[in-house]
4 protein chains.
Amino acid sequence: MSRMPGAYLEARTTEIRDAAMRVFVRKGINAATMQDIASEAGMSAGAIYRYFESKDQLVQAVFEYCREENRALFEDRRPEGASLLEAFVGVGRTVWDEFGEPGARDRFAVRLAATLAGSREDDPLGGEMRRMHTDVLDRIESFVRQIQDAGELRRDIDPHALALTILSAVQGLRMLFVEFDEQIETEGVLEILNRMLRGFMPVREEN
Amino acid sequence: MSRMPGAYLEARTTEIRDAAMRVFVRKGINAATMQDIASEAGMSAGAIYRYFESKDQLVQAVFEYCREENRALFEDRRPEGASLLEAFVGVGRTVWDEFGEPGARDRFAVRLAATLAGSREDDPLGGEMRRMHTDVLDRIESFVRQIQDAGELRRDIDPHALALTILSAVQGLRMLFVEFDEQIETEGVLEILNRMLRGFMPVREEN
Amino acid sequence: MSRMPGAYLEARTTEIRDAAMRVFVRKGINAATMQDIASEAGMSAGAIYRYFESKDQLVQAVFEYCREENRALFEDRRPEGASLLEAFVGVGRTVWDEFGEPGARDRFAVRLAATLAGSREDDPLGGEMRRMHTDVLDRIESFVRQIQDAGELRRDIDPHALALTILSAVQGLRMLFVEFDEQIETEGVLEILNRMLRGFMPVREEN
Amino acid sequence: MSRMPGAYLEARTTEIRDAAMRVFVRKGINAATMQDIASEAGMSAGAIYRYFESKDQLVQAVFEYCREENRALFEDRRPEGASLLEAFVGVGRTVWDEFGEPGARDRFAVRLAATLAGSREDDPLGGEMRRMHTDVLDRIESFVRQIQDAGELRRDIDPHALALTILSAVQGLRMLFVEFDEQIETEGVLEILNRMLRGFMPVREEN
DNA sequence: TATGAATGAGTGTTCATTCAT
DNA sequence: TATGAATGAACACTCATTCAT
């Protein structure tokens with residue numbers, strides 16, 4: 001009736017999605033009732049159905065949101081004017097910065113839940129998650145290869161294995177971050193990983 | 001001829017617990033009905049209640065089982081006659097061997113679910129999981145310190161950070177192992193971590 | 001035009017409670033399913049839970065209602081301008097009038113059920129029922145004492161025993177009223193009791 | 001296989017019936033499981049089915065037993081050599097003696113439960129109970145008539161009403177006896193009733 | 001005959017979803 | 001459009017009853 005119908009709708013949708021995310025993290029997806037979510041969003045349970053077809057779709061939307069957040073993080077971060085290895089380290093910095101952002105734990109928890117849900121038999125979500133992680137993995141691996149090609153990393157390092165190790169460490173740390181309710185000293189881990197990378201640099205002299 | 005007192009009961013209990021684990025992994029804990037579990041175990045739903053007081057207790061039993069399996073893994077593996085660092089690498093070998101064991105993916109998936117459940121507001125499980133992980137973390141950290149004391153690792157490596165990094169990598173890899181349905185080349189990761197450790201060895205002068 | 005705030009809720013609650021009472025009397029409390037009650041109330045089983053937390057609470061509500069009805073009956077009925085004994089007889093009249101009221105048999109049956117339930121080991125209801133009956137008993141007894149003090153009843157009548165006798169007769173008659181489905185000539189009993197009381201009047205010399 | 005098969009069977013049957021009665025009183029008929037009864041009787045749940053076809057039949061047997069006990073009480077108690085009124089009072093004595101017998105409360109409680117059960121829609125037990133009470137009532141009424149005929153009771157007393165009053169008082173007192181867990185001074189009530197009867201004697205002289 | 005493990009029908013309860021207002 | 005009462009399908013759990021041992 002008024003103008004900007006789309007904007008309003010989108011704002012409400014986001015509001016509900018965020019409320020749902022908070023409740024999911026707090027009580028678990030199954031234990032969260034539509035009533036809980038509605039209360040958190042400050043509306044009635046029935047109203048949610050104007051924005052989401054079903055609870056399932058709402059769950060998918062929350063998953064989607066967190067997945068996209070993650071995907072975006074790993075994309076196209078290539079600070080100029082540094083060595084490739086330093087650029088790679090810079091991406092690490094960006095990834096680690098997320099630990100300090102508000103709501104990070106909640107997003108991590110949802111991603112964890114999504115991963116778990118995706119691992120279920122015939123869950124359509126599984127494909128999405130796997131695709132995203134394969135994508136991230138490929139990106140890291142190709143980055144590593146470039147660093148190797150630039151002569152900044154030993155050639156006897158398996159790029160796939162290194163990518164897998166790094167992604168594992170990131171995911172595992174996020175898991176612990178969720179589990180220990182943010183009481184984790186994440187910086188030390190980044191430093192260890194960076195030192196590992198530097199340790200993998202080719203020995204220049206004498207060579 | 002008459003009854004096998006505790007043996008039968010225990011066997012049955014284990015049977016149900018394992019059936020439950022499989023169903024939990026396949027369908028998720030909440031979606032798994034007692035009927036599903038009973039069918040998987042080849043019995044009627046009512047019969048389960050002879051062995052477990054409630055679905056909740058069954059879930060706890062499955063969690064407990066997987067938790068203990070994990071705890072045991074990290075305990076007191078110290079192969080004789082090798083340097084401490086090599087012993088540490090040996091523990092890594094043992095931990096990695098689990099990836100090849102039957103049912104490993106299921107156990108990992110359950111631990112993931114348990115971690116997630118434990119991260120919920122006021123979930124009593126949370127404490128258990130955190131305690132176990134803290135325990136494992138402490139064990140790794142103290143191991144690292146011993147290696148440092150033996151002069152086999154640089155002193156400027158933060159033992160806590162290294163322990164955290166290693167545990168993160170293990171947990172993250174398990175997560176990916178679950179997600180990619182065992183299609184993960186885990187060995188490469190172990191190798192990378194071992195190379196990292198060797199890279200952290202002090203530079204011997206005479207070498 | 002919008003909603004009637006408390007009135008609707010209270011009306012609905014009463015409706016359900018009354019429906020439950022009818023079903024309880026007809027089929028017994030345990031045999032009465034929530035479905036039965038819902039059907040009697042013309043709604044779905046789930047809807048009841050908007051008004052009562054559980055079947056147990058519904059049972060308590062029915063008990064409570066019948067208990068209060070009974071308590072109210074024995075309270076403060078003191079018609080003016082008559083002798084105390086006549087006032088007492090008047091209370092009897094009031095109590096007996098209940099036999100003629102619609103729904104009386106149902107309420108009696110519920111009270112019977114409540115008494116029985118309260119007699120169970122550790123049933124919390126027991127205390128409530130005993131307290132109410134002790135209260136009624138005390139009220140009758142003190143009334144009898146006042147009549148004695150006013151010289152309208154022999155002093156060698158034990159007030160407690162008389163109160164107990166009267167309450168017993170009332171309760172027993174109600175029980176038979178329930179059992180014989182209202183086909184009981186209750187009036188005769190009141191008359192007998194009144195004659196008994198008159199028989200207990202002191203023999204006036206000049207009479 | 002041994003001799004006295006019938007005696008053994010009967011003994012077991014009685015044992016189970018009594019155990020059932022105790023459990024019924026303690027926990028209520030519906031809450032009492034066959035397991036509870038079996039435990040109380042010191043046997044396995046399955047074994048009961050050798051003696052009773054179903055729980056329902058067991059309930060009926062317990063009801064039957066208590067009903068017969070009651071019927072027997074009111075039968076043929078006519079002490080010789082006294083006035084009819086005194087004989088009537090003697091019957092009262094006998095009835096009241098039951099209050100002091102062991103297990104009286106339990107039997108009363110079961111009778112109460114039976115009455116309640118019998119009051120339900122289409123319950124076949126109802127007829128039995130009503131028949132018994134009608135029988136008792138008739139017996140009392142005819143006794144009262146005989147006393148009137150013997151000139152020991154005023155003719156303007158309605159025998160039916162008096163019988164109803166007496167039975168009501170007995171039943172009501174038993175109910176309170178159950179409710180207050182035997183902490184009831186029953187003797188006083190008998191005395192009141194006896195005084196009432198004496199008050200109903202015709203005034204001999206001057207007439 | 002006794003046992004007690006297993007069955008399976010039945011019940012209370014929850015909650016996503018709908019719809020009259 | 002929003003509300004929240006109502007629905008109804010689904011599920012955990014209980015327990016009378018059966019039956020192999």
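Residue numbering restarts at 1 for every chain, and letters A, B, ... go by the order of the sequence lines. Since the model is a prediction, treat every value here as computed from it, not as a measurement.
Atoms CD1 (Ile29(B)) and P (dA12(F)) sit 13 Å apart, rounded to a whole Å. Rounding to whole angstrom units, CD of residue Glu10(B) and P of dA5(E) are separated by 16 Å. A straight line from CD1 of Ile48(B) to P of dA5(E) spans 16 Å, rounded to a whole angstrom. Rounded to an integer number of Å, the gap from CG of Leu58(C) to P of dT11(E) is 16 Å. At whole-Å resolution of the value, CD1 in Ile16(B) and P in dA6(E) are 8 Å apart. In this entry the distance linking CG of Asp56(A) with P of dA10(F) reads 15 Å, nearest Å. Distance CZ (Phe52(C)) to C1' (dA6(F)): 16 Å, rounded to an integer number of Å. Across the protein-nucleic acid pair, Asn30(D) atom CG and dT14(F) atom P stand 16 Å apart, rounded to whole Å.
An OP1 or OP2 oxygen of dA5(E) is reached within less than 4.0 angstrom by a side-chain nitrogen or oxygen of Arg50(B). Taking only side-chain nitrogens and oxygens, Tyr8(B) comes nearer than 4.0 Å to OP1 or OP2 of dA6(E). An OP1 or OP2 oxygen of dA2(E) is reached within less than 4.0 angstrom by a side-chain nitrogen or oxygen of Tyr51(D).
With hydrogens and angles ignored, the 3.5 Å screen pairs a side-chain donor or acceptor of Arg130(A) with a backbone N or O of Glu179(B).
Side-chain N/O atoms of Asp36(D) and Ser39(D) include no donor and acceptor closer than 3.5 Å.
Considering CD1 of Ile16(D) and CD1 of Ile48(D), their distance stands at 5.5 Å, rounded to 0.5 Å. Note: Arg12(D) CZ to Tyr51(D) OH = 4.5 Å, rounded to the nearest 0.5 Å.
Taking for each of Tyr49(B) and Gly46(C) the nucleotide of DNA chain F with the nearest heavy atom, the 5'-most of the two is the partner of Gly46(C). Checking Met34(C) against Gly42(B), the closest nucleotide of DNA chain E that is more toward the 5' end is the one next to Gly42(B). In terms of position on DNA chain E, the residue among Ala47(D) and Met43(B) whose nearest nucleotide sits closer to the 5' end is Ala47(D). Mapping Thr33(D) and Ala45(B) onto DNA chain F via the closest heavy atom, the residue that lands nearer the 5' end is Ala45(B).
Using a 4.0 Å cut-off between a side-chain N of Lys or Arg and a carboxylate O of Asp or Glu, Asp106(B) and Arg22(B) do not qualify as a salt bridge.
Searching all strands for a Watson-Crick or G-U wobble partner of dT21(F) with both distances below 3.5 Å returns dA2(E).
Set against dA2(E), dA2(F), dT17(E), the side chain of Arg12(A) has dA2(F) as its closest nucleotide.
When heavy atoms are screened at a 4.0 angstrom cut-off, Ala32(B) is found touching the sugar-phosphate backbone but no base atom.
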